[in-house]
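What you are looking at is a predicted structure, and each value in this text was computed from that prediction instead of being measured. The sequence lines fix the lettering, A, B, ..., with proteins before strands; numbering per chain opens at 1.
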Amino acid sequence: MYQTIAWYATLFFVFLISLAFSFVFGESKRLKDYAPIQEKGYKIRKYYFLCLVAILGLSAAISLTKLPYHSQTAEAASNLKIVNVTGQQFSWNLSQDTFTVGDSVEFRVTSKDVTHGFGIYDPNMKIIGQVQAMPEYTNTEYVTFKKAGTYKILCLEYCSTGHHLMVKDIIVKPKGGK
Amino acid sequence: MDLKNRASNNKGIAYALMITSVVLVLMMIAGLTMLLNQGKVINISPLLFYKIMTLHGTGMIGIASLGGVAILWYFLSKYIYLNSKIFFANLTFSLIGVVMILIAIFGFNFSDAWTFLYPLPSFSAKLNGKTGALLFLFGLLILGVGYLVVYFYLAARLIKEYGGLGKALGWDQIFRGKKGYGPPSAAVASAMVVIANSVGILAGATAIVESIINIIDPNITFDPLAAKNLTYAFGHIFANCTIYMAVIAVYEVLAEYTGRPWKSNKVFLIAWNFSTLFTLMIYTHHLLMDYAVPEWMLILGQIFSYANGLPVMVVTAYGALMIVHKSNIKWDFASSMFFLSMFGWVAGAVPAIIDATIVVNHVMHNTKWVPGHFHTYMGMGVIAMIFGFMYYFNKTEGTQKQNEFDKYAIFTYFVFFVGLVGSFLYAGKISVPRRWAVHFPEWTGTDQFGALCAVFIIIAAIIFTVRFFKGLSTVGKQSTPKSYKSAS
Ligand code: HEM
Ligand SMILES: [Cu+2]
């Protein structure tokens with residue numbers, strides 16, 4: 001979801017910016033005194049500035065309520081499965097790698113050697129979350145598996161020449177299935 | 001003496017620009033090679049890919065900085081005396097550093113990227129031997145020393161001329177109610193970069209020294225999270241300062257072309273002070289996925305990254321639009337590049353700000369979205385400014401004229417650069433990770449499209465570079481005899 005929002009928001013705002021630049025380019029052949037342009041420009045700028053602050057402030061206020069640093073759902077807290085993850089050049093070691101749809105998991109992620117990135121991809125190969133796997137530190141990542149199928153762990157922090165080999169499958173079985 | 005120094009400054013700037021343009025084309029070809037491999041059009045070993053990636057990243061940031069310093073030097077030396085020896089000292093340090101880095105990469109298989117995370121180089125040193133890692137790290141350190149020499153010298157000069165770095169940043173106008181305009185924009189920007197980049201380089205040097213010590217004696221270890229803070233404080237500040245140096249050309253040249261002054265009024269000065277502050281603070285948006293960092297720091301990282309967009313969007317880019325509006329400006333190579341570079345900068349800020357949102361970063365950090373945004377503001381911002389300046393330099397110091405091809409080359413460069421960064425950003429949207437030598441089949445379409453765009457960008461860049469060298473040959477002929485005559 002966030003990827004889609006990011007993409008379309010970027011397209012939208014870059015489009016607006018290019019409109020502004022095209023407009024000024026189109027008018028650039030004409031010649032007018034600078035003083036009145038400045039006066040009007042500064043006035044417009046005040047509103048433009050307030051507009052930007054409002055957009056940024058609102059986006060911050062909304063987005064900061066959903067931080068991934070804590071378990072989001074209350075039910076997740078009750079039957080949380082804890083899985084220990086260790087990254088090392090160039091593989092992932094998970095204390096459990098088979099789950100059932102609906103499982104809420106707390107991944108406790110660390111590394112044996114250098115920094116890696118623990119990125120979880122859903123069966124459509126879309127990232128649903130990530131956290132850094134850093135030696136001497138344990139970072140926790142909360143995931144609720146919503147779909148049956150093969151999820152994948154990919155390394156998302158460059159860790160030397162075998163970086164792209166750090167792929168591991170996680171199997172999520174349907175509820176009550178075999 | 002003064003004119004001799006000026007001629008010598010110009011010579012140094014010309015050398016820096018020559019190196020910049022040639023290295024740029026070579027690094028772009030390196031970039032194309034990476035895309036062709038990721039798109040499975042060619043097949044190189046992962047080791048070679050990561051070596052090229054290390055080369056491309058280090059080389060591009062290096063020349064963006066070199067080109068930026070050349071611009072800063074050229075314009076600031078119009079206002080205050082700058083000794084050309086310092087510029088040449090930096091060139092020499094850079095050259096030594098670059099040679100060491102090249103030997104490290106191609107002689108000793110160093111491939112840990114330009115922003116490596118401690119303790120990666122020590123682990124690579126265990127695999128590939130210490131020589132490569134040490135050569136690379138010392139090479140970077142020497143590059144850093146070269147820039148520190150420049151920045152400390154500039155600090156000393158600015159303090160001498162304006163009475164302090166704060167005064168150069170217009171604190172008299174902001175805080176002490178002094179009427180009128182502040183120092184020229186070149187001085188304001190220089191003060192900002194001196195402050196920010198000195199801090200950044202010192203942070204980077206600390207991280208590098210930590211790695212060096214750990215390689216030489218593995219018993220001495222450091223905290224990896226603290227080292228990562230230092231690494232990204234450096235990487236973020238150093239990469240960002242390239243544009244804060246290069247933009248000086250935009251201020252100077254658009255004002256000259258439109259005949260409208262671009263003075264440092266109070267809003268301008270406040271914006272640059274905030275830029276200084278924010279640039280120093282917001283590197284934490286590179287650590288949003290390190291949950292061990294105190295949460296308030298990460299939240300501040302998001303909020304100040306948002307705020308950091310304001311000075312450029314509200315003051316610098318808006319100012320560029322205002323100064324051009326109904327100005328009957330002559331659109332030549334320089335003015336077109338500078339105008340478009342402001343678009344590149346602002347356009348690049350949009351995906352950057354979005355990625356600094358913690359919930360977005362959670363699913364887009366270290367995807368191709370990240371190179372997507374910085375290629376926008378570097379390729380279409382900084383590099384466009386540097387190309388624009390190359391033409392301006394030849395035209396002002398020599399006799400270069402616009403030709404018909406230039407228009408098409410500029411058009412090609414920008415249209416296909418939009419395509420390239422579009423392919424990166426789209427790849428980020430579909431979760432393609434960055435820094436992966438080998439791509440899954442469902443990702444290769446974006447790489448191939450990007451590679452196609454890269455071909456046209458490179459053609460345009462080659463045209464720019466050839467034109468620059470041709471124009472440069474007119475520089476010696478026109479201005480040097482003139483200055484020597486009056487100097488004697
Ligand atoms: C024709 C133009 C260019 C092409 C085709 C190109 C291509 C690439 C590619 C494929 C990557 C690796 C992406 C990945 O992580 O998978 C990359 C990384 C990078 N590029 Fe470019 N690039 C171009 C221009 C530039 C310019 C103009 C700059 C800056 C001035 C630049 C700076 C960088 C940096 C700093 C990296 C990061 C390297 C790393 O991750 O260690 N590139 N580029
Ligand atoms: Cu990795």
Looking at [atom1] of [X] and [atom2] of [Y], how far apart are the two atoms once the value is rounded to the nearest 0.5 Å?
{"X": "B/Arg435", "Y": "A/His163", "atom1": "CZ", "atom2": "NE2", "value": "8.0 Å"}
{"X": "A/Met134", "Y": "B/Leu225", "atom1": "CE", "atom2": "CG", "value": "4.5 Å"}
{"X": "B/Phe123", "Y": "A/Gln89", "atom1": "CZ", "atom2": "CD", "value": "6.5 Å"}
{"X": "A/Leu56", "Y": "B/Met313", "atom1": "CG", "atom2": "CE", "value": "6.0 Å"}
{"X": "B/Trp345", "Y": "A/Ile17", "atom1": "CH2", "atom2": "CD1", "value": "13.0 Å"}
{"X": "B/Thr357", "Y": "A/Ile5", "atom1": "OG1", "atom2": "CD1", "value": "10.0 Å"}

Proximal component of [X], with respect to chain A [non-hydrogen, under 4.5 Å]:
{"X": "B/Asn265", "result": "side chain"}
{"X": "B/Met53", "result": "side chain"}
{"X": "B/Thr376", "result": "neither"}
{"X": "B/Asp355", "result": "neither"}
{"X": "B/Phe440", "result": "side chain"}
{"X": "B/Phe339", "result": "both"}
{"X": "B/Lys228", "result": "side chain"}

Problem - Geometric class of the B/Trp436/A/His164 ring pair [parallel <30°, tilted 30-60°, perpendicular >60°] - result: perpendicular
Heavy-atom pair count under 4.5 Å with chain A, highest-scoring of [options]:
{"options": "B/Val315, B/Val267, B/Leu127, B/Leu321", "result": "B/Leu321"}
{"options": "B/Leu340, B/Ile430, B/Asp223, B/Val359", "result": "B/Val359"}
{"options": "B/His365, B/Gln302, B/Lys51", "result": "B/His365"}
{"options": "B/Leu310, B/Ile303, B/Asn109", "result": "B/Leu310"}
{"options": "B/Leu47, B/Leu120, B/Thr258, B/Val432", "result": "B/Leu120"}

Are [X] and [Y] close enough that some pair of their side-chain heavy atoms sits under 4.5 Å apart?
{"X": "A/Val14", "Y": "B/Phe343", "answer": "yes"}
{"X": "A/Phe13", "Y": "B/Ile353", "answer": "no"}
{"X": "B/Asn366", "Y": "A/Gln132", "answer": "yes"}
{"X": "B/Met289", "Y": "A/Glu141", "answer": "no"}
{"X": "B/Ser111", "Y": "A/Thr161", "answer": "yes"}

Practice task
Under the side chain to side chain donor-acceptor pair (under 3.5 Å) rule, what do B/Thr221 and A/Glu136 come out as? Steps first, then yes or no, please.
Solution key: CA-CA 11 Å; B/Thr221 58; A/Glu136 297 172 37; 5.5 Å; no
Problem - ring-ring contact (aromatic ring centres under 6.0 Å, His included) pairs, two or more places apart, involving residues 35-60 of chain A - result: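 Every pair satisfying ring-ring contact (aromatic ring centres under 6.0 Å, His included) with a residue in residues 35-60 of chain A: A/Tyr48-B/Tyr318.
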Give me the atom names and distance for the closest heavy-atom approach of [X] to [Y].
{"X": "A/Gln3", "Y": "B/Gly428", "result": "CG-O, 4.4 Å"}
{"X": "B/Ile354", "Y": "A/Ala9", "result": "CD1-CB, 3.8 Å"}
{"X": "B/Pro119", "Y": "A/Pro135", "result": "CD-CG, 4.2 Å"}
{"X": "A/Ala6", "Y": "B/Met364", "result": "CB-SD, 3.7 Å"}
{"X": "B/Pro433", "Y": "A/Tyr121", "result": "CD-OH, 3.6 Å"}

Heavy-atom contact with chain B under 4.5 Å, split by part of [X]:
{"X": "A/Ile120", "value": "neither"}
{"X": "A/Val109", "value": "neither"}
{"X": "A/Ile128", "value": "backbone"}

Exercise for the section: Verify the neighbour count for atom NZ of B/Lys40: are there more than 12 heavy atoms of other residues, nucleotides or ligands below 6.0 Å? Expected result: yes
Counting heavy-atom pairs under 4.5 Å to chain B, which of [options] comes out on top?
{"options": "A/Thr138, A/Val53, A/Leu64", "answer": "A/Leu64"}
{"options": "A/Cys155, A/Gly57, A/Gly162", "answer": "A/Cys155"}
{"options": "A/Phe118, A/Tyr137, A/Tyr2, A/Tyr158", "answer": "A/Tyr158"}
{"options": "A/Gly129, A/Cys159, A/Ala20, A/Ser160", "answer": "A/Gly129"}
{"options": "A/Ile127, A/Asp113, A/Val114", "answer": "A/Ile127"}
{"options": "A/Asn124, A/Leu52, A/Leu154, A/Leu165", "answer": "A/Leu154"}

Problem - Interface residues of residues 23-30 of chain A facing chain B - heavy atom cut-off under 4.5 Å - result: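 Only A/Phe23, A/Val24, A/Phe25, A/Glu27, A/Ser28, A/Lys29, A/Arg30 of residues 23-30 of chain A have a heavy atom under 4.5 Å from chain B.
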Under 3.5 Å, side-chain donor or acceptor atoms of residues 294-301 of chain B against the rest of the protein: list the pairs with distances, not counting sequence neighbours.
residue	atom	partner	partner atom	Å
B/Glu295	OE1	A/His70	NE2	3.0
B/Glu295	OE2	A/His70	NE2	3.4

Acceptor/donor pairs from residues 31-40 of chain A side chains to any protein atom, 3.5 angstrom cut, sequence neighbours excluded:
none

